[in-house]
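Every chain is numbered from 1 and lettered A, B, ... according to where its sequence line falls, protein lines coming before strand lines.
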Amino acid sequence: MTSSQLGDVFNEAGSVISVEIVYDRVTDRSRGFAFVTMGSVQEAKEAIRMFDGSQVGGRTVKVNFPEVPRGGERAVMGPKIRSSYRGFVDSPYKIYAGNLSWRLTSEGLRDAFADHPGLLGAKVIYERESGRSRGFGFLSFASAENAESALNAMNEVEVEGRPLRLNLAAVRAPPAPSPGPGLERNVDNSELISSIST
DNA sequence: CCTGAGCGC
């Protein structure tokens, strides 16, 4: 089974952000499982509900959260601290939102866009030391189309008394040079692990 | 830096 076929299956439970079938380093054969990143924890739960124990590609599959998520179970389901920043779901389709009120939080930003399809996450950027808002933030979407239509609908719309200045987000700077041996796998808190073989 | 352009740690 290909990752794109697997993605098609999981799309029935919500927005699939990425699919990564794990292969054996030497034999290049599928190891029989994959990581599927869904757009939200909610959608991840839905995928588990729908597909755990079901037939996929002619096999009975197991679908569940990764066994040892980064930070442990508490971090996965635990309460948010200051904003939806911790729960921010990234995607390649992002809007830059500027001219934000100093008091607008990530949740406030998310709420302002709540009606728009495909919204995955919102975050306001804060200064590290002072904790003050830097007056801008980002919104991530499931698709380029979703991002564009939200941008068109919300640009210059007033939120907390100030008109939003929206743009498609610039392509992010390259990831920082990795310091150590790169054995870390990117296990996100909305990923699923499933046993699926070809 | 009690701020108003800024593209994230």
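Take the nearest nucleotide of DNA chain B for A:Arg162 and for A:Val171: the residue whose nucleotide is more 5' is A:Arg162. Projected onto DNA chain B by closest heavy-atom contact, A:Ser130 and A:Ala170 fall at different nucleotides, the more 5' of which corresponds to A:Ser130.
Atom CG of A:Leu104 is separated from atom P of B:dG8 by 19 Å (rounded to the nearest Å). Going from atom CZ of A:Phe88 over to atom C1' of B:dC7 covers 12 Å, rounded to whole Å. As rounded to whole Å, 18 Å separates atom P of B:dC7 from atom OH of A:Tyr126. Rounded to a whole Å, the CG atom of A:Leu100 is 14 Å from the P atom of B:dG6. Residue A:Asp90 contributes atom CG, which lies 13 Å from atom C1' of B:dC7 at whole-angstrom precision. Taking atom CZ on A:Arg134 and atom C1' on B:dC2, their separation rounds to 17 Å, with Å as the unit. Spacing between atom CG of A:Leu166 and atom C1' of B:dC7 amounts to 13 Å, rounded to whole angstrom units. The CZ atom of A:Phe138 sits 8 Å away from the P atom of B:dC7 (whole-angstrom rounding).
With both ends at atom C1', the span from B:dG6 to B:dC1 equals 16 Å, rounded to whole Å.
Taking the side chain as every heavy atom from C-beta outward, A:Leu109 and A:Leu104 approach each other to under 4.5 Å.
Ring geometry for A:Phe113 against A:His116 counts as tilted: the plane angle lies between 30° and 60°, on a 0 to 90° scale.
Taking every side-chain heavy atom of A:Asn167 into account, B:dC7 is the closest of B:dT3, B:dC7, B:dG8. Nearest to the side-chain atoms of A:Trp102 among the listed nucleotides B:dC2, B:dG4, B:dG8 stands B:dG4. Here B:dC7 is the nucleotide among B:dC7, B:dG8, B:dT3 with the atom lying nearest to any side-chain atom of A:Tyr96.
A:Ala13 meets the side-chain contact (heavy atoms from CB on, under 4.5 Å) test with A:Met38, A:Glu46, A:Ala47, A:Met50, A:Phe51; sequence neighbours excluded.
A:Arg162 places a side-chain N or O within donor-acceptor distance of the main-chain N or O of A:Asn99, the cut-off being under 3.5 Å.
A:Leu139 comes within 4.0 angstrom of nothing in the nucleic acid, heavy atoms only. Among the protein residues, A:Gly135 comes within range of the nucleic acid bases, having at least one heavy atom under 4.0 Å from a base atom. Base engagement by A:Leu168 is indicated by at least one non-hydrogen atom pair under 4.0 Å involving a base atom.
Around atom CD of A:Gln42, no more than 12 heavy atoms belonging to other residues, nucleotides or ligands sit under 6.0 Å away.
Stacking annotation: A:Phe136 is not stacked on the base of B:dG6 (requires ring centroids less than 5.5 angstrom apart and an interplanar angle below 30 degrees).
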